[in-house]
Number of protein chains: 2
Amino acid sequence: MSNRILLVEDDLALGQQVVDTLSQAGFDPHWVQDGDAARGLEPDDYRVIVLDLMLPGTYGMDLLKRYRVKSEVPVLILSARDDTADKIRALKLGADDYVTKPFFPEELLARIQACLRRPNLVGTERIVVGTIQVDLKRREVITTEGALSLTPVEFEILALLARRKGSAVARDALVDAALDPSHDASRRTLDVHMSRLRSKLGSDAAQLETVWGIGYRLSEGS
Amino acid sequence: MSNRILLVEDDLALGQQVVDTLSQAGFDPHWVQDGDAARGLEPDDYRVIVLDLMLPGTYGMDLLKRYRVKSEVPVLILSARDDTADKIRALKLGADDYVTKPFFPEELLARIQACLRRPNLVGTERIVVGTIQVDLKRREVITTEGALSLTPVEFEILALLARRKGSAVARDALVDAALDPSHDASRRTLDVHMSRLRSKLGSDAAQLETVWGIGYRLSEGS
DNA sequence: CCCGACGTTAAGACTCCCGTAAGGTTCGAG
DNA sequence: CTCGAACCTTACGGGAGTCTTAACGTCGGG
């Protein structure tokens, strides 16, 4: 497949800079300066779409919404201000990343490559991590030893680890995701759940590593 | 994207000269004459900061320290005297280059451009330095001999060296980044961690050089 | 009311990490 | 070359972080 990237950006200097950087990296950037012009394009013709929010003509948010209806293409948002509300809105609409101006073109490049590397897990209902399969919709986990019955807390822990598969996940994040916040959860509580989870996972527990001083990581047994 | 450069310089003639040179080269210099005024600025708003050490109000050294806490922005030091002690102190605090007055504006321009050529690594999740790969998200380091398990302190040290790859990183900066501040860390403690890190890196440890009197540098084995 | 399922707490064992001390080595100035 | 400062390495003990087991409390269904 082609390495086409759609860039929607009205700033001429910045646009040229980004186009140059992407070209040098082996991509094939298509640059559109005007929001209205971008409306007619087919999102699926591109591997990634880089979208400035502040545009003449059609608004960036509208473009994002429009693309999302038709396609799963990764969309990376550029924005002038570091506005948290905008950021949250964009991510809720399905944006994959958010870069605040000013930025170095190399940073944008790195993020684009990150988008391409990461399989998109948003909206996925079944995550496969090595020999472990987590079905988020059916709330079911299947390992080499068959389906196992997990408690709600155990499932939430494993689901978060699976969604972030490969990355270290902080203990706090797991506690937030899985444990009842009305309790002053003792920091040791998580240990117990991890322990039980491991024993249920059986031999597949090898994929669940402790990241010392940080938390845990679920990864493919390479 | 903006080409903003912050210039902190009290000498009016010199400052004007530098501003002119930078403007002609396509940069957008912001000139502040007073150290106290420079304290409130956000270092991340600029691509490079050029800092005179001898200032009215806040000392240049203090500004450097303050910026380094918040940001990875390249800082270039100007100094009246060719004082080796000052130079070493500045480099220890994380300055990226050091220019002695008097100088030709073209020389300063060349050094600034050299700083910019170095790719910015903020926001990147995986840094590659020669045969060493540091994955900040997974908290994992991969060398020619496979993945190695580092302790939190060792990882922080290597991560900082990787972010500043190619540059000498001061011992103090590494201590700040990696060691528990509640301990009055003995000056020799870092040595021990570096030693352990090197032994874990195995043959790849060749890329980790000692910069005598300053700190350490992680570079590609070219 | 009893019982099972589940989350939580407590306590001890265990692993692993970090700082320190001590002695050896390398560097660079004079 | 000599000397002192900076750096490297090793070994060790205290302590933090983690694992496991064994209870206790709660809730809901039979």
Side-chain angles (χ1 to χ4, degrees), chain A residues 139 141 148-161 168-202 205-218, chain B residues 82-85 87-89 91-92 139 141 148-161 168-203 205-218:
Chain A
R139 294 207 131 234
V141 175
L148 31 101
S149 77
L150 299 182
T151 71
V153 170
E154 287 159 3
F155 184 85
E156 289 303 329
I157 290 175
L158 195 58
L160 180 54
L161 287 168
V169 182
R171 293 177 66 92
D172 290 346
L174 291 166
V175 169
D176 284 352
L179 269 49
D180 184 356
S182 66
H183 269 274
D184 294 353
S186 141
R187 282 193 324 287
R188 297 272 62 79
T189 302
L190 183 62
D191 301 5
V192 180
H193 290 295
M194 296 308 297
S195 174
R196 297 209 257 252
L197 193 48
R198 279 181 164 137
S199 73
K200 286 188 183 178
L201 283 172
Q207 292 174 48
L208 177 47
E209 319 159 57
T210 303
V211 182
W212 231 84
I214 304 294
Y216 300 88
R217 171 176 53 216
L218 188 67
Chain B
D82 192 356
D83 186 330
T84 311
K87 183 170 180 177
I88 289 178
R89 196 141 34 102
L91 290 176
K92 276 189 176 177
R139 290 207 135 236
V141 175
L148 34 97
S149 79
L150 300 182
T151 71
V153 170
E154 287 158 4
F155 184 86
E156 289 302 331
I157 290 175
L158 196 58
L160 180 53
L161 288 167
V169 181
R171 294 177 66 93
D172 292 345
L174 291 166
V175 169
D176 283 353
L179 269 50
D180 183 357
S182 68
H183 258 274
D184 291 354
S186 131
R187 282 188 323 287
R188 297 270 63 79
T189 301
L190 183 62
D191 300 4
V192 179
H193 287 294
M194 297 308 297
S195 174
R196 295 205 261 247
L197 193 48
R198 279 178 164 139
S199 74
K200 286 186 181 179
L201 284 172
S203 61
Q207 292 175 48
L208 177 47
E209 321 158 54
T210 302
V211 183
W212 227 83
I214 306 291
Y216 299 87
R217 172 174 47 220
L218 188 68

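Proteins get letters first, then strands, A, B, ... in listed order; numbering begins at 1 in each.
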* OP1 or OP2 of C/dC6 sitting under 4.0 Å from any side-chain N/O of A/Thr151? -> no
Query raised in the report: Is there a donor on the side chain of B/Arg188 or the base of C/dG23 sitting less than 3.5 Å from an acceptor on the other?
Result: no
One should read off an interatomic distance between A/Leu197 CG and A/Leu218 CG, to the nearest 0.5 angstrom, of 9.0 Å
When rounded to whole Å, the CG to P distance for the pair A/Leu150 and C/dC6 reads 10 Å
Q) Are any of B/Thr210's side-chain N or O atoms less than 4.0 Å away from OP1 or OP2 of C/dT26? A) no
When rounded to whole Å, the CZ to P distance for the pair B/Arg196 and C/dC17 reads 9 Å
Of C/dC18, C/dC6, C/dC16, the nucleotide closest to the side chain of A/Pro152 is C/dC6
Separation of C/dC18 atom C1' from B/Arg187 atom CZ, nearest Å, is 18 Å
Would one find a side-chain N or O of A/His193 under 4.0 angstrom from OP1 or OP2 of C/dT8? yes
Ranking A/Gly213 and B/Met194 by the position along DNA chain D of their nearest nucleotide, the one closer to 5' is B/Met194
Let me have the donor-acceptor pairs involving side chains of residues 149-156 of chain A, under 3.5 Å, with sequence neighbours excluded, atom names and distances please.
unit_1   : atom_1 : unit_2   : atom_2 : d
A/Thr151 : OG1    : A/Glu154 : N      : 3.3
A/Thr151 : OG1    : A/Glu154 : OE1    : 3.4
A/Glu154 : OE1    : A/Thr151 : N      : 3.0
A/Glu154 : OE1    : A/Lys200 : NZ     : 2.8
A/Glu156 : OE2    : A/Arg139 : NH2    : 2.2

Heavy-atom nearest pair, B/Leu160 first then B/Ala173, reads CD2-O, 3.7 Å
Span of DNA chain D engaged by chain A, first through last nucleotide within the 4.0 Å heavy-atom cut-off, is D/dG17 to D/dT21
Task: side-chain contact (heavy atoms from CB on, under 4.5 Å) between B/Tyr216 and B/Leu190, intermediate numbers included - done: CA-CA 11 Å; B/Tyr216 299 87; B/Leu190 183 62; 4.2 Å; yes
Between CG of B/Leu197 and C1' of C/dC18 the distance, given in whole Å, is 14 Å
- Item | Step-by-step side-chain contact (heavy atoms from CB on, under 4.5 Å) determination, A/His193 to A/Leu179 | CA-CA 10 Å; A/His193 290 295; A/Leu179 269 49; 4.2 Å; yes
When rounded to whole Å, the CD to P distance for the pair A/Glu156 and C/dC6 reads 14 Å
Between the CG atom in A/Leu161 and the CZ atom in A/Arg217, the distance rounded to the nearest 0.5 Å is 11.0 Å
Atom CD of A/Glu154 and atom P of C/dC6 are separated, to the nearest Å, by 8 Å
A/Asp191 CG to C/dC14 P, in whole Å, measures 17 Å
side-chain contact (heavy atoms from CB on, under 4.5 Å) between A/Met194 and A/Leu208, intermediate numbers included: CA-CA 9 Å; A/Met194 296 308 297; A/Leu208 177 47; 3.8 Å; yes
